[in-house]
Participant: 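Take a look at this one; I'll ask things after.
Chain identifiers are assigned alphabetically (A, B, ...) following the order of the sequence lines, protein sequences preceding nucleic acid strands; residue numbering begins at 1 within each chain. Keep in mind that the numbers below use all heavy atoms, side chains included, and drop hydrogens, waters and symmetry copies.
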2 protein chains.
Amino acid sequence: MQPGSTRELAHPDAADFVLTDVLFALSDPARLEITRRLAEGPLEVAACQPTGGDIPKSTLSHHLKTLREAGVVRNDPHGRQRYVSLRRDDLEQRFPGLLAAVLRAAPTGE
Amino acid sequence: MQPGSTRELAHPDAADFVLTDVLFALSDPARLEITRRLAEGPLEVAACQPTGGDIPKSTLSHHLKTLREAGVVRNDPHGRQRYVSLRRDDLEQRFPGLLAAVLRAAPTGE
DNA sequence: CCAACAGTTCTAAGATTCTCGAACCATTGA
DNA sequence: TCAATGGTTCGAGAATCTTAGAACTGTTGG
């Protein structure tokens, strides 16, 4: 039983992040909300649930995949669950100021 | 013949800009390139042509519409042509730092 | 006036994306 | 060891986006 052993998912290197992919990943309301939530700190997958908690696991997992493949998020196995975390530093290094600007943005109705 | 008369297109107010819409508009390579080009200054529609100049008018027009409806771009009639310009100030006011971060971003291969 | 021009809008086909149930896979508690 | 848990992956239908030709509109030069 190696610590933090198997079931690793693929994560792109910061140098390979593609701007349009990041923008696309963040352009979905559900994914944006997940991102905002993760700005507070890492969460297990189930806790990423955007509103209340009614979207199916597979859908949530798919959104996380989109975020992960763009480089917005990291998804690491942790026991029988997984920790999802924002790749703040990598994003900042690759696209300075971008994530900060997105997180700072006020929602539309004030 | 009023100066700058007819054929006005609809433009959303800065206060009504929606973040996900802006991000989505910028998440397409062609639209991002148009945006970058416009950062240098206003252009007539035909001059927005991303690469060389082989994409059809209707496609270009459609991309400009997406950018315009998100609030990224302004499209004003000017004689028989139109001037397309970046809504820098409105975007900066609504989403501080966002456009700057996007324009500053380096392309993927270095 | 009329033809050429600059662009938009309409329409339709093809490609992506979204959503979600079902099947599947490690990991761990009992 | 075995079943429950936490999530991912697969597959398919619905929805949305992209692309582009064709038709249409306002504007201007001759």
Participant: Starting from P on C/dC25, measure out to CD on A/Glu8 and report it in whole angstrom.
Facilitator: 19 Å
Participant: With A/Glu33 as reference, evaluate A/Arg36, A/Arg37, A/Arg31 under the salt bridge (charged side-chain N to carboxylate O under 4.0 Å, His left out) test and give the passing residue.
Facilitator: A/Arg37
Participant: Nucleotides 1-5 of chain D: which of its N/O atoms have a protein N/O under 3.5 Å away?
Facilitator:
unit_1 : atom_1 : unit_2  : atom_2 : d
D/dT5  : O4'    : A/Arg80 : NH1    : 3.0

Participant: For the pair made of NZ in A/Lys65 and P in C/dC20, what is the distance, rounded to whole Å?
Facilitator: 17 Å
Participant: Is a donor from one side chain sitting under 3.5 angstrom from an acceptor on the other, for B/Asn75 and B/Arg82?
Facilitator: yes
Participant: Closest heavy-atom contact between A/Leu38 and A/Val73?
Facilitator: CD1-CG2, 3.5 Å
Participant: Tabulate protein N/O versus nucleotide N/O from nucleotides 14-18 of chain D, keeping only pairs under 3.5 Å, one per line.
Facilitator:
unit_1 : atom_1 : unit_2  : atom_2 : d
D/dT18 : OP1    : B/Arg31 : NH1    : 3.4
D/dT18 : OP1    : B/Arg31 : NH2    : 3.2
D/dT18 : OP2    : B/Arg31 : NH1    : 3.4

Participant: Identify the heavy atoms of B/Val18 and B/Phe95 that sit nearest to each other, and give their distance.
Facilitator: C-CZ, 3.9 Å
Participant: Rounded to the nearest Å, what distance is computed from the NZ atom of residue B/Lys57 to the P atom of nucleotide D/dA22?
Facilitator: 13 Å
Participant: For A/Leu67 and D/dT8, give me the distance from atom CG to atom P, rounded to whole Å.
Facilitator: 12 Å
Participant: Using the side-chain heavy atoms of A/Gln81, tell me which of these nucleotides is nearest: D/dT9, C/dA6, D/dG7.
Facilitator: D/dG7
Participant: Kindly give the heavy-atom pair with the smallest separation between A/Gly71 and A/Arg87, and that separation in Å.
Facilitator: O-CD, 3.2 Å
Participant: Checking B/Val84 against B/Arg74 for the side-chain contact (heavy atoms from CB on, under 4.5 Å) test, could you report, in this order, the C-alpha distance in whole Å, the side-chain angles of both residues, the deciding distance, and whether it holds?
Facilitator: CA-CA 6 Å; B/Val84 182; B/Arg74 184 176 295 285; over 6 Å; no
Participant: I need the CG-P distance between A/Asn75 and D/dG7, as an integer number of Å.
Facilitator: 9 Å
Participant: Could you check whether A/Leu60 gets within reach of a base, just the sugar-phosphate, or nothing at all, counting any heavy atom under 4.0 Å?
Facilitator: nothing
Participant: Could you say whether B/Tyr83 or A/Gly79 is positioned toward the 5' end of DNA chain C, judged by the nucleotide with the nearest heavy atom to each?
Facilitator: B/Tyr83
Participant: Please state how far atom CZ in B/Arg82 lies from atom P in C/dA6, giving the value in whole angstrom units.
Facilitator: 13 Å
Participant: Locate the shortest heavy-atom distance separating A/Leu43 from A/Cys48; write the atom from each residue and the value.
Facilitator: CB-SG, 4.2 Å
Participant: Tell me if the side-chain of A/Ser58 makes a donor-acceptor pair with the base of C/dG21, cut-off 3.5 Å, by modelled atom types.
Facilitator: yes
Participant: Grab the CD-P distance between B/Gln49 and D/dT19 for me, whole Å please.
Facilitator: 12 Å
Participant: To the nearest angstrom, how far is B/Glu44 atom CD from D/dT28 atom P?
Facilitator: 14 Å
Participant: Is a side-chain donor or acceptor of A/Ser61 paired with a backbone partner of A/Ser58 at a separation under 3.5 angstrom?
Facilitator: no
Participant: Between B/Asp28 and A/Thr20, which heavy-atom pair has the shortest distance, and what is it?
Facilitator: C-CG2, 4.1 Å
